Amino acid sequence: MAKRKTKYVCQDCGYESAKWMGKCPGCNSWNTLVEELEASSVQTGHTIAGDTNVSGKPERITSVETKKEPRVTTAMREFNRVLGGGIVPGSLVLIGGDPGIGKSTLLLQVSSQLADKQMPVLYISGEESIRQTKLRSDRLGVTSEQLYVLAETNLFDILSQIEQIKPAFVVIDSIQTVYREEVTSAPGSVSQVRESTSELMKTAKSNAIPICIVGHVTKEGAIAGPRMLEHMVDAVLYFEGERHHTYRIVRSVKNRFGSTHEMGIFEMEETGLREVMNPSEIFLEERPQGAAGSTVVASMEGTRPVLVEIQALISPTSFGNPRRMATGFDTNRVPLLMAVLEKRVGLLLQNQDAYIKVAGGVKLDEPAIDLAVAVSIASSFRNQPTRPEDIFIGEVGLTGEVRHVSRIEQRVQEAAKLGFERVFCPQKNLDGWNPPSSIQAIGVRTVREALDEGLTT
């Protein structure tokens, strides 16, 4: 009998090598290559990316008929928003998050809501028994007869049950527990995850069944397994939040059927997740009045404006090099904005420690929050608070100018709805529209102008 060949596969990026190496050439990770047997019977590369009823011949792009994809909506409008308006039939969705954050709870609630519409739903758990899933369903109040539960990790048996039940929605919890018998490596390895996901994608596309798979995350916060896993699926959702707080955020980082910047906010309760329809009020409800270093900014999360509080603390340093720390904000932009304030405004910040925080656990990454961060730093350094009714929007350049931002009308309307009276925004954003009568739009060209008008004496 011929000796079976072995190979070494990186468990982070999927790089394959004929011999073991301490450092992976693909991702530069150490000690991630694991020995696996080569399975000659496994067929790879036969997945499809669209309908099965295709001719296999090239067509002119102008002659291809298009139709609007029908979507299945759940009772959670926040979840529908993140997916771009609902669940697309035949889509493969990957959701990841820290252990215990609530991924299984969210998907069980979604499954229950779809089953209440008389749609057969198959919930497959590879980590819990049927009784454990039943205990969670009792806590969530799941009573639908159309929800089927299966505790299975064998991919062949899972596909057989899908073929037999013909569900309208399938949940795989989680993909790291599913294994294919032809693949000799252990469940959760690169080969098993790749092959299992390929078969599930083929089943979803050929039968127009939306499948949602749960993925484990590494200690760095990325979804475990090869990067190819995120490329194969149609949508990638991250479930974020602190386990010591009640709020959870579902963020879309990839979506072939919608925006990649959408965010849904939920609150964890004893009976499950409850969607937060107005997150701006939640993030601002504990804002202190008259505190120096606190400002409010209107940030766009996909198609929705969200008002968030920016807090800054500036204090003299006790070390040779001052510290620059940020939570929920790009740390690299803190010294940049402080350099602008020191050079263009004249604030002596080179011997000051700076601590920036976005209240509420939200992560902001758009440049339109630069002005609010700069005003917060100056407010804390001068010990001059801003007015509680003011809001600051704008991108700050290296010459101290306040640059144009997008969707200013939606940001200002959200601020007016929550009772803000003045909004500081770039001067060029004031052309071509009229702000609501209840709020005053003040155009500023430089950071100095915003500080002169925004800081109280």
Side-chain angles (χ1 to χ4, degrees), residues 4-17 20 24 26-27 29 31-47 92-101 103-104 107-108 122-133 136 148-163 170-204 211-233 236-237 239:
R4 300 190 63 176
K5 297 182 179 180
T6 62
K7 60 182 178 180
Y8 293 87
V9 182
C10 176
Q11 301 303 299
D12 286 349
C13 67
Y15 180 85
E16 298 182 2
S17 173
W20 184 87
C24 173
C27 61
S29 300
N31 301 322
T32 56
L33 269 70
V34 177
E35 184 179 10
E36 296 182 4
L37 291 175
E38 291 187 356
S40 58
S41 61
V42 178
Q43 299 295 326
T44 61
H46 292 284
T47 57
L92 187 63
V93 180
L94 172 65
I95 179 169
D98 295 333
I101 203 67
K103 302 184 297 295
S104 301
L107 293 178
L108 190 57
L122 179 58
Y123 186 96
I124 302 171
S125 177
E127 301 174 347
E128 297 177 330
S129 64
I130 295 180
R131 292 184 178 180
Q132 290 175 319
T133 306
R136 177 184 285 111
Y148 298 87
V149 182
L150 175 66
E152 184 58 67
T153 57
N154 189 304
L155 180 62
F156 177 78
D157 295 336
I158 291 175
L159 297 179
S160 298
Q161 293 297 327
I162 294 177
E163 180 67 24
V170 177
V171 175
I172 307 292
D173 186 9
S174 65
I175 190 61
Q176 274 77 17
T177 62
V178 178
Y179 70 94
R180 186 175 177 179
E181 293 180 343
E182 294 85 352
V183 182
T184 56
S185 57
S189 63
V190 171
S191 300
Q192 287 284 6
V193 171
R194 181 177 61 241
E195 296 299 328
S196 300
T197 305
S198 299
E199 288 298 322
L200 291 173
M201 183 176 66
K202 183 177 180 180
T203 301
I211 299 179
C212 186
I213 59 178
V214 177
H216 294 170
V217 296
T218 62
K219 60 182 179 180
E220 290 83 11
I223 295 180
R227 193 70 177 180
M228 184 188 302
L229 178 62
E230 299 187 30
H231 291 287
M232 295 168 65
V233 299
V236 180
L237 308 181
F239 205 27

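All residue numbers refer to positions in the sequence shown, counting from 1. Since we're looking at a predicted model, the values are computed, not measured.
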Chemist: Taking all atoms of both residues into account, what is the closest heavy-atom pair of Val190 and Cys10, and its distance?
Modeler: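 It is CG2-O, 3.0 Å.
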
Chemist: Evaluate the criterion side chain to side chain contact (heavy atoms under 4.5 Å, CB included) for residue pair Val149 and Ser125; output intermediate values, then yes/no.
Modeler: CA-CA 8 Å; Val149 182; Ser125 177; 5.7 Å; no

Chemist: Looking at Gly215 and Leu94, what are the two nearest heavy atoms and their distance?
Modeler: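 Distance-wise, the nearest heavy atoms are N-CD1, 3.9 Å.
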
Chemist: Search all heavy atoms of Lys103 against all heavy atoms of Ile95 and return the closest pair with its distance.
Modeler: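 Result for this residue pair: CD-O, 4.3 Å.
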
Chemist: Working to the nearest 0.5 Å, report the span between CD1 of Ile175 and CG of Leu229.
Modeler: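 If we round to the nearest 0.5 Å, Ile175:CD1 and Leu229:CG are 7.0 Å apart.
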
Chemist: Using 0.5 Å steps for rounding, measure from the CD1 atom of Ile213 to the CG atom of Asp173.
Modeler: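 The CG atom of Asp173 is 11.0 Å from CD1 of Ile213, to the nearest 0.5 Å.
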
Chemist: Kindly indicate whether the side chain of Tyr179, heavy atoms from C-beta on, has any atom under 4.5 Å from the side chain of Asn154.
Modeler: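 Sidechains of Asn154 and Tyr179: in contact.
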
Chemist: Might you point out which heavy atoms bring Ser174 and His216 nearest each other, and give the distance in Å?
Modeler: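 The pair with the smallest heavy-atom distance is OG-NE2, 3.0 Å.
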
Chemist: Among Lys7, Arg180, Glu36, Glu16, find the residue that satisfies the side-chain hydrogen bond (donor to acceptor under 3.5 Å, both in side chains) test when tested with Ser191.
Modeler: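 When Lys7, Arg180, Glu36, Glu16 are each tested with Ser191, the side-chain hydrogen bond (donor to acceptor under 3.5 Å, both in side chains) holds only for Glu36.
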
Chemist: Hey, are the side chains of Asn31 and Trp20 touching, using non-hydrogen atoms and a 4.5 Å cut-off?
Modeler: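 SC-SC contact between Asn31 and Trp20 confirmed.
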
Chemist: When you measure from the side chain of Gln192 to the backbone of Ser189, do you find a donor-acceptor pair of N or O atoms at a distance under 3.5 Å?
Modeler: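 Not at all, since once roles are kept as given, no pair shorter than 3.5 Å links the two residues.
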
Chemist: What's the spacing between Leu237 CG and Cys212 SG if we round to 0.5 Å?
Modeler: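 Spacing of CG (Leu237) from SG (Cys212) equals 7.0 Å.
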
Chemist: May I ask you to test the Arg136-Glu128 pair for a side-chain heavy-atom distance under 4.5 Å?
Modeler: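 Yes, their side chains come closer than 4.5 Å.
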
Chemist: Going by side-chain contact (heavy atoms from CB on, under 4.5 Å), Glu127 matches just one of Thr133, Thr177, Thr153, Val214. Which one?
Modeler: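 Of the listed options, the one satisfying the test is Thr177.
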
Chemist: Any non-hydrogen side-chain atom of Thr197 less than 4.5 Å from a side-chain atom of Leu92?
Modeler: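 A side-chain contact under 4.5 Å exists here.
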
Chemist: State, to 0.1 Å, how close Val217 and Gly96 come at their nearest heavy-atom pair, and which atoms those are.
Modeler: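 Closest approach of Val217 to Gly96, heavy atoms only: CG1-C, 4.2 Å.
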
Chemist: Could you walk me through whether Ser29 and Tyr15 pass the side chain to side chain contact (heavy atoms under 4.5 Å, CB included) test, one step at a time?
Modeler: CA-CA 11 Å; Ser29 300; Tyr15 180 85; over 6 Å; no

Chemist: So, applying side-chain contact (heavy atoms from CB on, under 4.5 Å) with Ile158, which one of Val170, Leu122, Val178, Thr203 is it?
Modeler: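 Answer to the side-chain contact (heavy atoms from CB on, under 4.5 Å) test with Ile158 among Val170, Leu122, Val178, Thr203: Val178.
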
Chemist: Heavy atoms only: give me the nearest Ile211-Ala204 pair and the separation to one decimal.
Modeler: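 Minimum heavy-atom contact is CD1-CB, 3.8 Å.
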
